[in-house]
*Asks:* 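The structure's right below; bear with me while I get my questions together.
Order of the sequence lines fixes the chain letters, A, B, ..., with proteins taken first and strands second; residue numbering starts at 1 for each chain.
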Protein chains: 2
Amino acid sequence: MNDKRQELIDAALALFYEKGVKSVGINEILARSGVAKKTLYHHFASKDALILGALGQRHEQFIGWLARVLSGSQSVDEVIDRLFTGLDHWFNGTVEELGDFRGCFFINTAAQYTELNSEIASYCAKHKALVAQTIRRSIAEENEQAWADTIMLLKEGAITSAYVGQQVGAAKQAQQILAALRAQAKSPTLSVHNRTSR
Amino acid sequence: MNDKRQELIDAALALFYEKGVKSVGINEILARSGVAKKTLYHHFASKDALILGALGQRHEQFIGWLARVLSGSQSVDEVIDRLFTGLDHWFNGTVEELGDFRGCFFINTAAQYTELNSEIASYCAKHKALVAQTIRRSIAEENEQAWADTIMLLKEGAITSAYVGQQVGAAKQAQQILAALRAQAKSPTLSVHNRTSR
DNA sequence: CTTAACATAGACAAGTCGGTCTACCTTTGT
DNA sequence: ACAAAGGTAGACCGACTTGTCTATGTTAAG
């Protein structure tokens with residue numbers, strides 16, 4: 001049976017995201033899930049393994065949400081519009097799928113596992129790379145895919161500004177910045193910033 | 001004497017920034033500083049108070065570095081150039097003043113103190129606001145100060161991308177984006193993005 | 001010289017941590 | 001019917017946590 005394993009991951013992710021991985025003990029996860037300690041250590045070798053499981057679960061959740069938000073986009077402009085509108089909803093807590101907004105789970109977790117080569121820090125970096133890939137693939141125009149990196153940078157800035165800086169309007173701000181960049185890129189007379197590099 | 005207090009803060013900040021506030025115990029700070037436990041609790045009411053002290057110290061450090069980097073700037077373009085060149089050096093570990101790059105201490109600490117109204121989370125938000133203010137004041141042109149928010153957003157994105165996403169070139173990427181935005185803002189024919197709003 | 005402030009080392013309290021283990025129960029396939 | 005796999009409850013371990021306290025030493029001002 002994998003359902004005990006799943007219950008553990010669900011409880012762990014909820015608590016980890018709410019309070020931070022270092023602030024949540026094994027026993028709290030057991031109490032919340034109603035699973036016995038022995039069962040936990042039957043499915044996971046250690047707390048770190050459980051954290052990786054929770055990261056994996058959140059990764060699926062987030063990429064799933066992202067893909068749904070971006071699906072059917074016909075242009076870079078549409079990708080930007082959908083993504084940052086979605087982020088705005090997330091920041092304001094109206095995306096049940098992602099839970100109450102408490103910043104990016106991967107950023108928060110990486111901040112607490114500082115050994116750079118740790119499996120956990122690597123997973124967080126990999127997640128970010130896969131998010132970038134998802135954005136890239138949702139851009140129909142092949143010659144515009146370099147926009148994915150710009151979008152990512154603004155997205156990271158918006159998440160951090162919204163959470164740590166408590167700027168709830170950060171997604172809209174980022175969206176305006178991207179709108180300006182797009183307007184410029186489309187202008188034939190002003191091609192200072194050529195978007196084919198990188 | 002305040003030098004014991006200072007030694008404690010120095011040791012605490014170094015360890016907290018390197019490993020994260022939750023991963024460092026009081027005893028480790030005492031061992032590193034060579035100060036007695038009783039002395040610590042003479043100067044600080046609790047570990048949280050010591051964390052606030054370390055945040056305060058880092059705030060002074062960072063604002064000091066920032067002001068120095070930005071000092072003498074004559075224009076928004078110059079502010080952007082100096083700031084992101086400085087960030088690039090920081091990310092690549094060539095700013096001894098700020099220590100080995102391990103992301104933003106305030107972002108990392110906020111990620112571990114998730115009660116939104118906690119003194120620690122509030123301090124982190126306040127720090128970000130004061131950084132924004134420092135940037136705003138370094139912009140000579142009064143009608144251009146709204147650029148500070150844009151610069152902040154890109155700066156936060158660059159820090160997070162560099163640390164969590166392990167993209168060492170994030171500062172340069174942000175700088176290119178800002179260069180494009182500036183080029184557009186200066187173009188008389190293309191004023192889609194009016195920079196007086198907030 | 002005395003007194004007060006500040007320092008030291010480190011035992012100790014009281015609790016939490018991750019993780020192991022015993023003992024028992026339930027489900028499932030052969 | 002029986003065995004194996006997976007479950008439960010929770011005692012227990014050793015290490016570590018923040019914070020208090022005793023007992024002693026040093027420094028400086030009046």
*Asks:* Using whole Å, report how far NZ of A:Lys19 lies from C1' of C:dT16.
*Replies:* 14 Å
*Asks:* Please encode protein proximity along nucleotides 15-20 of chain D as a string of B, S and -, counting only heavy-atom distances under 4.0 Å.
*Replies:* ---BBB
*Asks:* Looking at B:Glu18, is its backbone amide N or carbonyl O close enough to the side chain of A:Thr114 to form a donor-acceptor pair, meaning the two atoms are under 3.5 Å apart?
*Replies:* yes
*Asks:* Is there a donor-acceptor contact under 3.5 Å from the side chain of B:Gln184 to the main chain of A:Ala180?
*Replies:* yes
*Asks:* Say whether B:Asn108 and B:Gln112, considering side chains only, have a donor N or O and an acceptor N or O under 3.5 Å apart.
*Replies:*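 No, B:Gln112 and B:Asn108 have no side-chain donor paired with an acceptor closer than 3.5 Å.
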*Asks:* Return no unless some side-chain N or O of B:His43 is found under 4.0 Å from OP1 or OP2 of C:dA7.
*Replies:* yes
*Asks:* In whole angstrom, what separates A:Leu30's CG from C:dT16's P?
*Replies:* 15 Å
*Asks:* Starting at atom NE2 of B:His42, determine the distance to atom P of C:dA5, rounded to an integer number of angstrom.
*Replies:*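 Computing the B:His42:NE2 to C:dA5:P distance gives 10 Å.
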*Asks:* Between C:dT8 atom P and B:Leu40 atom CG, what is the distance in whole Å?
*Replies:*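 Nearest whole value for this atom pair: 10 Å.
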*Asks:* Examine distances only and state if a side-chain atom of A:Tyr17 and a backbone atom of A:Arg102 form a donor-acceptor pair shorter than 3.5 Å.
*Replies:*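 The answer is yes, because a donor-acceptor pair under 3.5 Å joins these two groups.
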*Asks:* Of all heavy-atom pairs between B:Gln145 and B:Arg136, which one has the smallest distance, and what is that distance?
*Replies:* OE1-CG, 3.4 Å
*Asks:* So, B:Arg58 versus B:Gln61: side-chain donor-acceptor pair below 3.5 Å or not?
*Replies:* yes
